[in-house]
Amino acid sequence: MAAALELVGISKELGEDALHKLSQMPLASFLQISLTKMEKGGAAECEMKLDPARHGNPNGTVQGGSLSTLADITTSFAVVALGAETCTVSGKLDMLRGKTPEGTLKCRSEVVKAGGTLIWTDLWIRDERGSLIAKGEYLNFRLSVPTPES
């Protein structure tokens with residue numbers, strides 16, 4: 001589950017802090033979500049290794065709550081890549097296609113607009129073949145003043 005974290009224009013300290021924060025999220029651990037990339041300017045990528053017992057629903061597809069958690073965590077780390085602490089205000093996720101709970105899903109989130117207290121992000125969840133499974137928009141609240149990273 002612990003993929004290497006790629007940092008693009010982000011300090012090693014900010015990356016280590018992000019990994020520490022992720023390690024403090026029991027649900028992320030249960031859902032096998034790992035942070036794989038952070039980019040200066042506000043972008044992040046996470047992966048979720050799928051397992052039918054953790055991610056499946058009675059229809060044989062990935063449970064929407066698992067997708068929502070992947071989206072929420074990824075968008076939060078896109079905001080962290082700006083050097084800001086954050087909490088989610090709201091999120092919208094459109095499920096575009098079903099996916100059997102096997103393989104790996106990858107989520108990418110990018111900051112669209114960062115205001116003084118509100119930060120808007122877009123996200124895309126794709127399967128291992130690159131097929132778009134879901135897309136969405138999240139709104140986050142900035143909890144602290146940005147660091148020199150931003």
Side-chain angles (χ1 to χ4, degrees), residues 1-12 14-114 118-143 149:
M1 180 176 100
L5 175 57
E6 179 184 353
L7 301 172
V8 180
I10 300 284
S11 72
K12 181 179 175 186
L14 188 61
E16 289 172 352
D17 185 55
L19 289 174
H20 176 72
K21 285 181 170 94
L22 184 64
S23 75
Q24 301 300 306
M25 299 178 192
L27 187 55
S29 177
F30 176 77
L31 291 175
Q32 303 183 82
I33 296 173
S34 58
L35 176 63
T36 58
K37 187 174 188 179
M38 291 176 69
E39 300 174 19
K40 183 175 182 160
E45 295 180 10
C46 289
E47 292 183 355
M48 184 167 64
K49 186 176 181 321
L50 298 174
D51 168 25
R54 295 173 199 254
H55 303 97
N57 65 27
N59 298 324
T61 60
V62 175
Q63 170 65 33
S66 297
L67 295 173
S68 295
T69 302
L70 175 62
D72 182 55
I73 288 172
T74 308
T75 58
S76 292
F77 282 115
V79 174
V80 169
L82 292 174
E85 297 294 323
T86 185
C87 66
T88 302
V89 173
S90 64
K92 175 183 179 247
L93 189 63
D94 296 321
M95 308 330 185
L96 303 176
R97 98 174 8 143
K99 165 75 172 109
T100 57
E102 58 192 21
T104 303
L105 291 178
K106 298 180 182 201
C107 182
R108 177 168 177 85
S109 179
E110 299 174 359
V111 170
V112 175
K113 180 179 183 339
L118 296 176
I119 301 172
W120 290 262
T121 59
D122 284 344
L123 70 103
W124 306 266
I125 299 174
R126 297 181 184 276
D127 67 12
E128 55 279 332
R129 293 185 324 249
S131 298
L132 190 59
I133 303 299
K135 68 180 186 98
E137 307 166 343
Y138 271 61
L139 177 62
N140 286 69
F141 184 79
R142 186 188 307 257
L143 294 174
E149 286 284 334

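None of these values were measured; they are calculated from a predicted model.
- Ion pair Glu128/Lys99 flagged as a salt bridge, since at least one NZ, NE, NH1 or NH2 atom sits closer than 4.0 Å to an Asp/Glu carboxylate oxygen.
- Using a cutoff of 4.0 Å between basic side-chain nitrogens and carboxylate oxygens, Lys49 and Asp51 are not scored as salt-bridged.
- Atom SG of residue Cys46 and atom CG of residue Leu70 lie 6.5 Å apart, to the nearest 0.5 angstrom.
- Distance alone, capped at 3.5 Å, places no donor-acceptor pair between the Asp72 side chain and the Thr75 backbone.
- Expressed to the nearest 0.5 Å, how far SG of Cys87 lies from CZ of Arg142 amounts to 12.0 Å.
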Salt bridge (charged side-chain N to carboxylate O under 4.0 Å, His left out) evaluation trace for Glu39 with Arg108: CA-CA 11 Å; Glu39 300 174 19; Arg108 177 168 177 85; 2.9 Å; yes
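- Nearest heavy-atom pair across Thr86 and Val79 is CB-CG1, 3.6 Å.
- Annotation for Ile10 and Met38: closest pair CG1-O, 3.7 Å, computed over non-hydrogen atoms.
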Between Val111 and Trp120, is a side-chain contact (heavy atoms from CB on, under 4.5 Å) present by the stated rule, with each step listed? CA-CA 6 Å; Val111 170; Trp120 290 262; over 6 Å; no
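- The minimum heavy-atom distance between Asn140 and Ser76, with the atom names listed, is ND2-OG, 3.8 Å.
- With values rounded to the nearest 0.5 angstrom, Asn59 atom CG is found 13.0 Å from Thr100 atom OG1.
- The minimum heavy-atom distance between Ala44 and Ala78, with the atom names listed, is CB-N, 3.4 Å.
- Counting heavy atoms from C-beta outward, Ile33 and Met48 have side chains that approach closer than 4.5 Å.
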Determine, step by step, whether Ser68 and Tyr138 satisfy the side-chain contact (heavy atoms from CB on, under 4.5 Å) criterion, reporting the C-alpha distance in whole Å, the side-chain angles of both residues, the deciding distance to 0.1 Å, and the verdict. CA-CA 10 Å; Ser68 295; Tyr138 271 61; 4.3 Å; yes
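- In terms of heavy atoms, Ala81 sits closest to Gly42 at CB-CA, 4.0 Å.
- Closest heavy-atom contact between Pro101 and Leu50: C-CB, 3.6 Å.
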Show, in sequence, the C-alpha distance, side-chain angles and deciding distance for Lys106 and Glu47, and conclude whether the side-chain contact (heavy atoms from CB on, under 4.5 Å) test is met. CA-CA 4 Å; Lys106 298 180 182 201; Glu47 292 183 355; 3.4 Å; yes
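- Contact check on Glu45 versus Arg126 returns no salt bridge, with no Lys/Arg side-chain nitrogen under 4.0 Å from an Asp/Glu carboxylate oxygen.
- Residue Leu19 holds its CG atom at 8.0 Å from OG of Ser23, rounded to the nearest 0.5 Å.
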Between Ile125 and Leu67, is the side-chain contact (heavy atoms from CB on, under 4.5 Å) condition met? List the steps. CA-CA 8 Å; Ile125 299 174; Leu67 295 173; 4.3 Å; yes
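- Using a 4.5 Å heavy-atom cutoff, the side chains of Leu31 and His55 are in contact.
- Atom-to-atom distance recorded for Lys92:NZ and Leu123:CG is 10.5 Å, nearest 0.5 angstrom.
- Lys113 contributes atom NZ, which lies 13.5 Å from atom CG of Asp122 (distance to the nearest 0.5 angstrom).
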